[in-house]
Peer 1: 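Before I ask anything, here is the structure I am working with.
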Amino acid sequence: MTDQTETHTHPGQEAAGPSHRYDAQMADAIETRWQSVWAEQGTYRVPNPGEPGFDASKPKFYCLDMFPYPSGAGLHVGHPEGYTATDIICRYKRAKGFNVLHPMGWDAFGLPAEQYAIQTGVHPAVTTRKAIDNFRRQLQRFGFCYDWSREFATIDEDYYRWTQWIWLRIYHSWYDRRQDKARPIEVLISMLESGEARVTSSGDIAQQGEESHDHAQPWDRIDTERRKSIIDNARLAYLAEQTVNWCPKLGTVLANEEVIDGRSERGGHPVLRWPLKQWMFRITSYADRLLRGLDDVDWPHSTKTMQREWIGRSEGAYIDFPAGRRRIRVFTTRPDTVFGATYMVLAPEHPLVDELMPEKYGDTVPRSWVAQGFDGAAELRDSTVSPMGVIGAYRAYVAGRSDLERTTDDKVKSGVFTGAYAINPVNDERIPIFIADYVLMGYGTGAIMAVPGQDQRDWDFAETFGLPILRTVQPTEGFDGKAFTGEGHAINSGFLDGLEVEPAKTKIIAWLQEHKHGKRAITYKLRDWLFSRQRYWGEPFPVVHCEGETHHGVGFDALPVVLPELDDYTPIEGAEPRSMLDNAPEWVTTSAGDAHVEGLPAGAPVRRETNTMPGWAGSCWYYLRYCAPGCSSRFVDKAAEEYWMGEGGVDLYIGGAEHAVLHLLYARFWHMVLHDLGEVSSSEPFRKLFHQGLILSHAFQRKDKSLVPMDEVEERGEGTYIETATGEPVAQIIAKMSKSLKNVVNPDDIIEEFGADTFRLYEMYMGPLEASAPWNTRDTIGLYRFLQRAWRLVIDEEAGTLTLRDAPDDGTEKLLHRTIAKVGEDIEQLSFNTAIAAMIEFVNAASKAGGLSSDQLDRFARVLAPFAPHLAEELWSRLGHPPSIVDAPWPAFDDAMLTDDEVELPVQILGKVRAKITVPADADQKAVESLALQNERIAALLEGKTVRKVIIVPGRLVNIVAN
RNA sequence: GCCGGAGUGGCGGAAUUGGCAGACGCGACGGAUUCAAAAUCCGUUUCCCGCAAGGGAGUGAGGGUUCGAGUCCCUCCUCCGGCACCA
């Protein structure tokens, strides 16, 4: 890229040379001309069922790109990589007789737009619209075959009205565990009224057939306020006090998926834990379905694995350990090891800790138990501080540590003794209860039974604290490790002794259930989805609050709840969480009548919810809106949705792997709820998913691994670079494109220099679509030359006229058939780099053979069209066809043309090629063998040797084993 | 640490899935054309030995299976991505 600036003479911009050469000006003229013809003729407009021009006899193909977030920086070269791939597929599918839906739009709400607005002082609505216009212009310049009549942005009132509508539908739903699906909340209410579902003393809802230890309370004896709270707690969108990820710098809370190593995914700012009342989605109800659904979709293995791990299903058991008057419930995947539970650990925040700890430690408590593994632990061991003091000190220590410190720093496990004991229900042993931060409140029950003999973490803790270790699984012969986590038979385990792990689990679970000490259980790592943000630039929640704690959904006919104009949306750094929309008091204050709230007097004053939805909201259902973006009566027209989303949803979805557990999990959740409510036809939204690789760039690295911006480096001869300021050598490495490294390539520049067709070909030729590769502007010339040669093959560069031969050349004809077959196959497999290589070979060979006939060009143009649509359209038109080539069918090929009459076979001796023989394609093995052995060179080399064996692979090779 | 994925010329990458390693493109070198350059065209281009014919080595390292391994198996190294005390 350093040499880019030196290239004053762009190959295409030179005026010299023949006047009808395919150069940058001509590429520009051809491309812009056909783009306007396509726009005028509506070439890429795709009718829906029932509309004029719709052909119901064709199969459908819905091909989706991840819609871009229109940033002020404009299109990155990474965007058109995936977009070109889908463009090729769509053009090919259309030529193969499919009705192809290929839409584009804008993911326009979100944090970056708001931050950009804060920086520039211009309202995000203004900057975002401008960015959208720029993105659209850039995408259109690539000649992508999007049906632009379906374009929309998530910030359009007409769109986010339905985002709010879907949110309300989820709000008005609950999860019916017996039917394993979401149902309207009214169904739950009538079930409660009829007694089909009951409220337990703990406030949970037990459906008929579900066991409950509690006594149910009759619904009609519960007061109205409590009834509402019970109903509200059952909703799939619910308000809950949560310890949230609060990012003071961004001025908002974040979802778990948006926090990486204690920092915000966007910006890398510190994230704190903060208790806050927030809107949540009960995505955990869908954990199992989100998991099972992955089995039926054609997605990259790695992405499925990531989602599976994120959902994190574990099978095991709950076991209740009596402790004083209470019972401590633990979750374990190894109930078979319960006889080896020599102590228990609760998470530091566990609510039972305060109830259990005694006023002072017993006299027999070893001092080593009191505290270990943190600053001040030694002093606590030597003091006479009460359990309460010790626990308080430990909790303070834990609270001051980030997740990152907690998981990376610890060499020794930290924790303190609560002074309390529990009883192991299987053997009535009295075991001490500790608190330690290696046990997480957010997983399982926040409490564990510690089995040091079979768990390395427990082993480490037991060693540090001097706790007993008991093996309950016989380690394999010669095992010299610490905790044994492998297979083996039970020992020291009473009635389980002798059983292997699996049967022991089965037996102990049966025993626990029989004696009411526990039961089979499944837990998930997946947490409910935190959906509130305190930012301005997002969809307002269609909810109002009245006196006290109660909230009400806005009436469906009062949508959209329009985002108010706001002048100041700068986050107040360091302050506690506060919503930006609190700055719009006139908007916040409204009446029940105004918000069409049912069940309240019209004049009742209510306050609007001032949190907004996160950036993910709009992308959770945009693929549905594309089916019928103009539909005003519904979020998507039913018939259009059934047609385009039928047979498993979107047929091909291409986008980056960075959304593996964010957008791709969230969208599946929304889709499943909508499916349950009868609003969409498929159970999964995206049948086939594919991730394109990253387009990387070069960067320079100092000896200390720090990076140097591109413009501060000079090249000193082949492959050696120095930093201009210091004269120190720097190493060229491959890195992501970034503004700070000044190694970003702007697509506009490349198009100006070579044209869009060259750009498209280059990106597809860089390597396999799924692989990441560094951008090399230098290499683009190869694809430009290919187009020039293709042009020169049939156009006289002096006269500018089509020059075709009358009689086709046999070799060229044969190769054309092979090229058609190869390119078609490769497109189906998304192997565009090899398809392009095949076309280059064809053009090179045809040039040598003396050109193409009219009929051959006709077919070749159609093969080229998906890749270089503008040049192909130009050639098509010069052949006398009216536009557009996209309506021309994919050319046929003849199988007979794919095989040769004669083949050249390598003849190997002991695996080394020593000669080549030419044999008829249908020659039998004996004939091939004798031809090989008769070959002069082979015969000479075999002189004095014994032929042991002759291996003949028909059509491939001959290998002679001789010694 | 665990789970994925990948290591092939100077570079990007091919290789019909166990059958001629390096297709195609870039770059480089040589030649033609040109006053000259650009562009274009022709040729060479994995490395080593050799004037050549030819020979030898070679797909991250080592071992194995096989007539035959870039491809399959085992051990190890490096890079990229994900997860990370999940009981």
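Sequence lines set the chain letters: A, B, ... in the order given, protein chains first and strands last, and positions in each chain run from 1.
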Peer 1: Only counting residues at least two apart or in another chain, list the ones meeting side chain to side chain donor-acceptor pair (under 3.5 Å) with A/Ser738.
Peer 2: A/Ser740
Peer 1: Report the residues that fulfil salt bridge (Lys or Arg N to Asp or Glu O under 4.0 Å) with A/Arg520, sequence neighbours left out, ordered by chain and then residue number.
Peer 2: none
Peer 1: Polar pairs (N or O, both sides) under 3.5 Å between protein and nucleotides 3-13 of chain B?
Peer 2:
unit_1 : atom_1 : unit_2   : atom_2 : d
B/G12  : O2'    : A/Met766 : O      : 2.6

Peer 1: Give every pair of a protein N or O atom and an N or O atom of nucleotides 67-69 of chain B that lie under 3.5 Å apart, one pair per line with the distance.
Peer 2:
unit_1 : atom_1 : unit_2   : atom_2 : d
B/C67  : O2'    : A/Asn959 : ND2    : 3.4
B/C67  : O2     : A/Asn959 : ND2    : 2.6

Peer 1: At a cut-off of 3.5 Å, list every protein nitrogen or oxygen paired with a nitrogen or oxygen from nucleotides 41-47 of chain B, distance to 0.1 Å.
Peer 2:
unit_1 : atom_1 : unit_2   : atom_2 : d
B/C41  : OP1    : A/Arg792 : NH2    : 3.0

Peer 1: Could you work out, with side chain to side chain donor-acceptor pair (under 3.5 Å) as the rule, every residue matching A/Gln456, not counting sequence neighbours?
Peer 2: A/Asp460
Peer 1: Identify, with sequence neighbours excluded, every residue that meets side chain to side chain donor-acceptor pair (under 3.5 Å) alongside A/Ser831.
Peer 2: A/Thr834
Peer 1: Show the distances under 3.5 angstrom between N or O atoms of the protein and N or O atoms of nucleotides 55-58 of chain B.
Peer 2:
unit_1 : atom_1 : unit_2   : atom_2 : d
B/G55  : OP1    : A/Arg914 : NH1    : 3.3
B/G55  : OP1    : A/Arg937 : NH2    : 2.9
B/G56  : OP2    : A/Arg914 : NH1    : 3.4

Peer 1: Only pairs under 3.5 Å count here: list side-chain donor-acceptor contacts from residues 948-955 of chain A, not counting sequence neighbours, and write none if there are none.
Peer 2:
unit_1   : atom_1 : unit_2   : atom_2 : d
A/Arg948 : NE     : A/Asn963 : OD1    : 2.8
A/Arg948 : NH2    : A/Asn963 : OD1    : 3.1

Peer 1: Quick check on contacts: within residues 443-451 of chain A, what sits under 4.0 Å from RNA chain B by heavy-atom distance?
Peer 2: A/Tyr443, A/Ile448
Peer 1: Listing request: all side chain to side chain donor-acceptor pair (under 3.5 Å) pairs with a residue in residues 444-454 of chain A, at least two apart in sequence or in separate chains.
Peer 2: A/Gln454-A/Thr472
Peer 1: Is there any salt bridge (Lys or Arg N to Asp or Glu O under 4.0 Å) pair reaching into residues 824-835 of chain A, and which pairs are they, with sequence neighbours excluded?
Peer 2: A/Lys822-A/Asp826
